[in-house]
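This report concerns only the one structure given below.
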Amino acid sequence: MRHSNGIRRADLATTAVTAVAAAVTAVAAAVTAILPGTAMAASTTTSTPPPACPASALQVSARQAVHRPVGTGTGAAVVQFTNVSRKTYVLKGHPTVAGAGNGFPAHNTPLKVTPTGRAATVTVRPHGKTWVKLAFVQVQGEGDGYCVSGKTPNAYPTMVIGLPHSGKHQIALNDGVWAECDNKVTATPVSKIKPS
């Protein structure tokens with residue numbers, strides 16, 4: 001009987017040790033799951049975002065907008081940026097705008113830009129397109145026209161459009177000249193949604 005009781009006590013002791021070990025393992029697993037920077041950090045992967053699009057990767061064009069203020073000038077224009085490279089880049093922000101002749105783009109007249117809308121980072125894959133819309137103070141009347149402000153209207157063969165970290169681009173309208181008043185423009189940020 002003593003021998004049998006000894007075996008039973010040994011079995012009970014082994015079972016108790018096993019149960020305690022299992023409980024400790026469970027508690028350790030729970031603590032690891034709760035603590036920040038342990039199990040969560042091991043399962044989280046980070047990727048490097050694409051870089052800003054260089055000027056050399058962009059092809060830029062412009063056309064008069066369908067929806068523009070009443071008048072005889074340009075009124076509003078849609079500027080299209082196409083990624084002609086084989087890499088994915090990002091664009092963000094509102095453009096700078098300057099009127100220019102057909103010569104060197106550094107010889108220009110900066111326009112006062114009023115940004116509208118919130119700027120967001122736009123990812124542009126190869127052959128992808130983004131847009132901004134420019135709304136000018138419209139020229140009124142016939143012939144050379146006039147400005148409501150009393151100033152003389154301006155006509156530029158080209159505009160120099162710049163984007164943050166993505167260079168400046170000298171472009172002509174594909175359907176006329178850039179005619180505007182007061183050297184002011186309202187500009188939307190770069191967007192994946194094509195404006196009209």
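Numbers here are sequence positions counted from 1.
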Spell out, as yes or no, whether a donor-acceptor pair under 3.5 Å connects the side chain of Q138 to the backbone of G73. yes

Minimal heavy-atom distance between P189 and R118, with the atoms involved, is CG-O, 3.5 Å

For the residue pair V160 and K168, what are the closest heavy atoms and their distance? CG1-CB, 3.8 Å

Do V124 and T88 come within less than 4.5 Å of each other through their side chains, counting heavy atoms only? no

Do you know which two heavy atoms are closest between L173 and A77, and how far apart they sit? CD2-CB, 4.1 Å

Look only at the side chain of H127 and the backbone of S85, and say whether a donor-acceptor pair between them is shorter than 3.5 Å. no

Verify the cluster assignment for F136 and V60: are they in a single hydrophobic cluster under the rule of side-chain heavy atoms below 4.5 Å apart? yes

Just so I know, are the side chains of C53 and L58 near enough to count as touching, which here means a heavy-atom distance under 4.5 Å? yes

Within one Ile-Leu-Val-Met-Phe-Trp-Tyr cluster: V113 and V79, side-chain cutoff 4.5 Å: yes

Is any side-chain heavy atom of M159 less than 4.5 Å from a side-chain heavy atom of V97? yes

Any donor and acceptor pair, going by atom type alone, linking the side chain of Q170 with main-chain N or O of I161 inside 3.5 Å? no

Might you point out which heavy atoms bring G93 and L163 nearest each other, and give the distance in Å? O-CD2, 4.2 Å

Same cluster or not: are W131 and L91 linked, directly or through other Ile, Leu, Val, Met, Phe, Trp or Tyr residues, by side-chain heavy atoms under 4.5 angstrom apart? no

Indicate yes or no for a side-chain donor-acceptor contact from K133 to the backbone of S196 under 3.5 Å, with no hydrogens or angles considered. yes

For the student: nearest non-hydrogen atoms of G99 and L111, plus distance: N-CD1, 3.4 Å

Search all heavy atoms of C147 against all heavy atoms of D182 and return the closest pair with its distance. CB-OD1, 4.3 Å

When rounded to the nearest 0.5 Å, the distance separating NE2 of H165 from NZ of K92 is 9.0 Å

Main-chain N/O of Q64 paired to D175 side chain as donor or acceptor, under 3.5 Å: yes

Counting distance only, does the side-chain N/O of T130 pair as donor-acceptor with the main-chain N or O of S191 below 3.5 Å? no

Considering residues, nucleotides and ligands other than R63, do more than 12 of their heavy atoms fall under 6.0 Å from its CZ? yes

Measuring from atom NZ of K194 to atom CD of Q80, what distance do you get when rounded to the nearest 0.5 angstrom? 6.0 Å

Is a side-chain donor or acceptor of T74 paired with a backbone partner of A76 at a separation under 3.5 angstrom? no

A side-chain contact here means heavy atoms from C-beta on lying under 4.5 Å apart; do Q140 and T72 qualify? no

With rounding to the nearest 0.5 Å, note down the distance linking CD in Q59 to CD1 in I171. 11.0 Å

Strictly by modelled atom types, are N183 and Y156 linked by a side-chain donor-acceptor pair under 3.5 Å? yes

Please check: side-chain N/O of T158 versus main-chain N/O of G101, any donor-acceptor pairing under 3.5 Å? yes

Exactly one of V132, V78, L134 should register a side-chain contact (heavy atoms from CB on, under 4.5 Å) with P195. Which one does? V78

Is any side-chain heavy atom of Y89 closer than 4.5 Å to one of N83? yes

I'd like to know whether CG of N174 has more than 12 heavy-atom contacts from other residues, nucleotides or ligands below 6.0 angstrom. yes

